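The model shown is predicted, which means the values in this text are computed figures rather than measured ones. When reading the values below, keep in mind they use all heavy atoms of this one structure, side chains included, and skip hydrogens, waters and symmetry mates. Sequence lines set the chain letters: A, B, ... in the order given, protein chains first and strands last, and positions in each chain run from 1.
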Amino acid sequence: MKFLEYTPLDRFNLFFSHLKLGESTIRGSLEAYSCKHTVCDRKLSLSLEHEILDYLGQSSDSDSPSSVGYLCRSSRRTLIYLILTLSHMYPDYDFSAVQAHLFLKEEEWDNVRQVFDTYMFEAAKEWALTYDGDSLLDSMSKAIDEVVKLDECEIYSYNPDFEGDPFSEKGAIWSFNLFFYNRKLKRVVSFRCCCLSNVAEESYFGGDDTTKEEYEADVIFNNMDI
Amino acid sequence: MGRRPAAAPAAPVPAAKRPRAGPQSAPASGTGAAGGSRDPRLAHLSENERKVYDAIWKKGDMGMWTADLKTETGLPPSVVTKAIRALHSKSLTKDVVNYRNRGRKMVMAFEFEPSKEISGGSWYAEGSLDVEFIGVLRRFCRRAIEAAPGGLITTELVAASVRESGVFKMECSVQQIGEIMGALVLDGEVVEVTSTGKGDFAFAGIPPGKKCYRCPRDGGGRTRVGAFASIPCGVCPRIAECTPDGIISPKNCVYYDKWLNSLEF
């Protein structure tokens, strides 16, 4: 998946690169990719294809009503593109095809709007303040539309469980990954966002710094009026 | 004359390779650096590849997450990725799986075997619990108990029969068999007893005080009635109204009559 530079997306990335909202920070990014295989992608997509076919072979034997069993060729291709995109977005993680399939869900635009209303409420307020009452959702959809023509897109969300989630490692309060995939244009725009607590953030940044965590906890408790 | 990396601080050394004592000043010997080995392949690595390799090697059998590798070397991500690929292709490093954090990309120097902390130990294969292997081993152990003289067997004897059967490719230590027996006990499939040295235990040749195992008399299995539920009071619908002198009392309890009559002594 080749990363595509798109200046209309830049101002959102700048906005989301470090959005401090009181006790929490929101981090997000909008990325555009073309479904063009790099050398690594080719290898990865082959191994993913094998993994899927193996699993399909197994599940058809055991006769279990697994949703993976109904993956036709084009949905397999879509699945592989989405996983390749995930690998580019999170280069330090491995994504298994079978697992990813369980966590990917097709969405409607209404769901996206809902996600926005639920999670991006405060961010949208900040945006409106910064940009003269402008609507974050509208501006973002316009920008995404320039890249992938939203009305022709299939929308997917990736909701991994704890193990498969790069965000939960950072101790995110909430996170989401959305993909806008235009089959004809062979392009994917990903929008990922997570909310980190300002208090916990430092202790997670350094990795496994438990002593720092404990110290921070002490600081919080000592400052409380108990 | 190429540039040589500065001597690195003491690094974990795998048993097989140790830095050979050599003239410290000679630029050609790369002494003290990670690997310490005279592996000639290390000499052909680019500076970045060597840096990456050293960082990975220092982690020994614990392996290193690629994200940490990028932070530690301070090199740009694409450079690190390329270096890892080159090192993998030269079989100097390899991918490993951390069973507790399956999503992370972990790498390790080729000569190390993943430690128990990241491989999960003998019961894990490629990062996930080897349910099949455990299942087969459990059935085998269960059958060993059933076939044992006197119906009693010790862990050591089970381990010996596992070994002699030749069914399993790998060595199963007594400790591992002990873990399997523990699992079987908790699942109610076998019963753990301590030998009294007499009777059946004497017949089986098990000295007194030794822990051993037998099959449960009622066939075993998960559903076992607890002690309290095995007496009438435990399941009595009238227990709230029962008093020593009341209309409902233990003295005239019909359930007890029934139960006592059903017991065989």
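Shown here are the salt bridge (Lys or Arg N to Asp or Glu O under 4.0 Å) partners of A:Glu31, two or more places apart in sequence or in another chain: A:Arg192.
For B:Trp57 and B:Phe110, the distance between ring centers is not under 6.0 angstrom. Ring centers of A:Phe16 and A:Phe191: under 6.0 Å apart, within the cut-off.
Donor-acceptor pairing under 3.5 Å is recorded for the side chains of A:Ser157 and A:Asn159.
Salt bridge absent: B:Arg139 and B:Glu189 never bring a charged side-chain N and a carboxylate O closer than 4.0 Å. Taking the charged nitrogens against the carboxylate oxygens, A:Arg113 and A:Asp117 have no contact shorter than 4.0 Å, which rules out a salt bridge.
Interface with chain A: from residues 67-82 of chain B, residues B:Ala67, B:Lys70 qualify, criterion being any non-hydrogen pair under 4.5 Å.
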